[in-house]
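If you're wondering where the values come from, they're calculated on a predicted model, not measured in any experiment. All chains are named by letter (A, B, ...) in the order of the sequence lines, taking the proteins before the strands, and each is independently numbered beginning at 1.
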Number of protein chains: 2
Amino acid sequence: MTIKEVAEKFGLTNDTLRYYEKVGLIGPVKKNKSGIRDYNEADLKRIEFIKCMRSAGLPIEVLKKYVDLFDEGADTVGERRKLLEDQRDILKEKIDKMNEAYDRLNYKIKMYNENKLEDLLKEGKQ
Amino acid sequence: MTIKEVAEKFGLTNDTLRYYEKVGLIGPVKKNKSGIRDYNEADLKRIEFIKCMRSAGLPIEVLKKYVDLFDEGADTVGERRKLLEDQRDILKEKIDKMNEAYDRLNYKIKMYNENKLEDLLKEGKQ
DNA sequence: ATATGACTTAGACTTAGCTCTAAGTCAAGC
DNA sequence: GCTTGACTTAGAGCTAAGTCTAAGTCATAT
């Protein structure tokens, strides 16, 4: 699979894919005799995982650490689990904060819809 | 209330508070005769709101637009509601993505805890 | 055989959101 | 009256994560 196809498949850009490879998040991807990347199944799975985690805001540095530990083998299982647990906890906190803001936005929108404009003046409400 | 007290109250830095003021997100905050900021109740409510929205990832530019519309008065009510709805929808999408990543992290952690290490090799699983 | 268009590289540039620095003012304590 | 420490300013610097540029290679269509 070419870089263009992969980029389209996952909604990334060619640049981003090469960037991820450069920083060691994926690959190194096999290249044909004229130096053109040909992504295989394992590459695609890794990219899909990375994309999911990146879109949730996990830092590249952390993801790199994880894939590095993975490559180091079974000895790093404990450290990997710890890393995942830490990231999960951080993510949970972020989700909570976002839900709070979400509720608050909805409250405000409700006030607009009900024309309760006085309530909006108290910016701190709810 | 001094900048230091406000910063501590909300878990921000003095720099961030001055930065928010500089870009027009808050204030301008009243200053005493020797030029030192003294935050009032309205300032605090605004800061609390901004902090909540910022911690959910709403861009400063968007928040500035909102507070500017607010200051322009009742004519902008429709535009304000639209802005809030747009941001709510964007936020909803982000929350969904984060929940997806959250579930996936938990699945992986579960595999680690149950020592089902083969499953981890399929990075794309679930 | 030459032009086109997709790929390659290294490295410079961009953006958002702070964060830090330098130089200065001022009130309070010694 | 001098020092200390908290504040002030303008503006430079930083970090993360891309994004873009320039120069080059290569396979294919004309």
Side-chain angles (χ1 to χ4, degrees), chain A residues 1-40 43 46-47 49-68 87 90-91 94 97-98 101, chain B residues 1-40 43 46-47 49-68 87 90-91 94 97-98 101:
Chain A
M1 215 171 182
T2 68
I3 195 168
K4 197 185 179 208
E5 288 164 343
V6 176
E8 271 164 19
K9 183 175 169 67
F10 292 111
L12 301 168
T13 67
N14 300 15
D15 276 331
T16 299
L17 284 169
R18 279 188 289 250
Y19 171 69
Y20 284 175
E21 189 174 344
K22 183 160 70 176
V23 300
L25 256 192
I26 54 178
V29 176
K30 279 262 168 63
K31 297 179 190 174
N32 70 16
K33 58 274 174 201
S34 40
I36 293 189
R37 286 175 180 78
D38 182 19
Y39 293 81
N40 65 28
D43 294 327
R46 168 73 63 87
I47 290 165
F49 173 66
I50 294 296
K51 204 225 154 164
C52 175
M53 294 301 140
R54 279 296 302 133
S55 66
L58 273 73
I60 282 177
E61 202 182 331
V62 169
L63 294 172
K64 168 137 179 63
K65 179 72 189 170
Y66 179 73
V67 304
D68 284 352
Q87 292 307 309
I90 291 166
L91 192 49
K94 280 195 203 167
K97 280 187 178 154
M98 292 172 86
Chain B
M1 215 171 183
T2 68
I3 195 167
K4 198 185 178 204
E5 288 164 345
V6 176
E8 271 165 20
K9 183 174 170 69
F10 292 110
L12 300 168
T13 67
N14 300 14
D15 276 331
T16 299
L17 284 170
R18 279 188 289 250
Y19 171 68
Y20 284 175
E21 190 175 344
K22 182 161 70 176
V23 300
L25 255 193
I26 53 177
V29 176
K30 279 262 168 64
K31 298 178 188 174
N32 70 16
K33 58 275 175 200
S34 41
I36 294 189
R37 287 175 179 79
D38 183 18
Y39 293 81
N40 64 28
D43 294 327
R46 169 73 62 85
I47 290 165
F49 173 66
I50 294 296
K51 203 225 155 163
C52 175
M53 295 301 141
R54 280 294 305 131
S55 66
L58 273 73
I60 283 175
E61 203 181 331
V62 170
L63 295 172
K64 169 140 178 61
K65 180 73 187 169
Y66 180 72
V67 305
D68 284 352
Q87 292 307 309
I90 292 168
L91 192 49
K94 280 196 203 167
K97 280 187 178 154
M98 290 171 89

Who are the salt bridge (charged side-chain N to carboxylate O under 4.0 Å, His left out) partners of [X], not counting sequence neighbours?
X       : result
A:Lys65 : A:Glu79
B:Asp15 : B:Arg18
B:Arg54 : none

What's the shortest heavy-atom distance between [X] and [Y], and which atoms?
X       : Y       : result
A:Lys97 : B:Ala56 : O-CB, 4.3 Å
B:Leu17 : B:Tyr39 : CB-OH, 3.8 Å
A:Met98 : B:Leu91 : CE-CD1, 3.4 Å
B:Ile3  : B:Asn14 : CD1-O, 3.6 Å

Quiz item: Atom CG in B:Asp43, atom CE in B:Met1: separation rounded to 0.5 Å?
Solution: 11.0 Å
Quiz prompt | Interatomic distance, A:Tyr20 atom OH to A:Lys51 atom NZ [nearest 0.5 angstrom] | solution = 9.0 Å
Quiz item: Within a radius of less than 6.0 Å around CD of B:Glu5, do more than 12 heavy atoms belonging to other residues, nucleotides or ligands occur?
Solution: yes
Quiz item: Which nucleotide of DNA chain C is the first, and which the last, in the 5' to 3' direction, to come under 4.0 Å of a heavy atom belonging to chain A?
Solution: C:dC7 to C:dG11
Quiz item: Heavy-atom contacts under 4.0 Å between residues 2-19 of chain A and DNA chain D, which residues?
Solution: A:Asp15, A:Thr16, A:Tyr19
Quiz item: Where along residues 20-40 of chain A does a heavy atom fall under 4.0 Å from DNA chain C?
Solution: A:Lys22, A:Lys31, A:Gly35, A:Ile36, A:Arg37
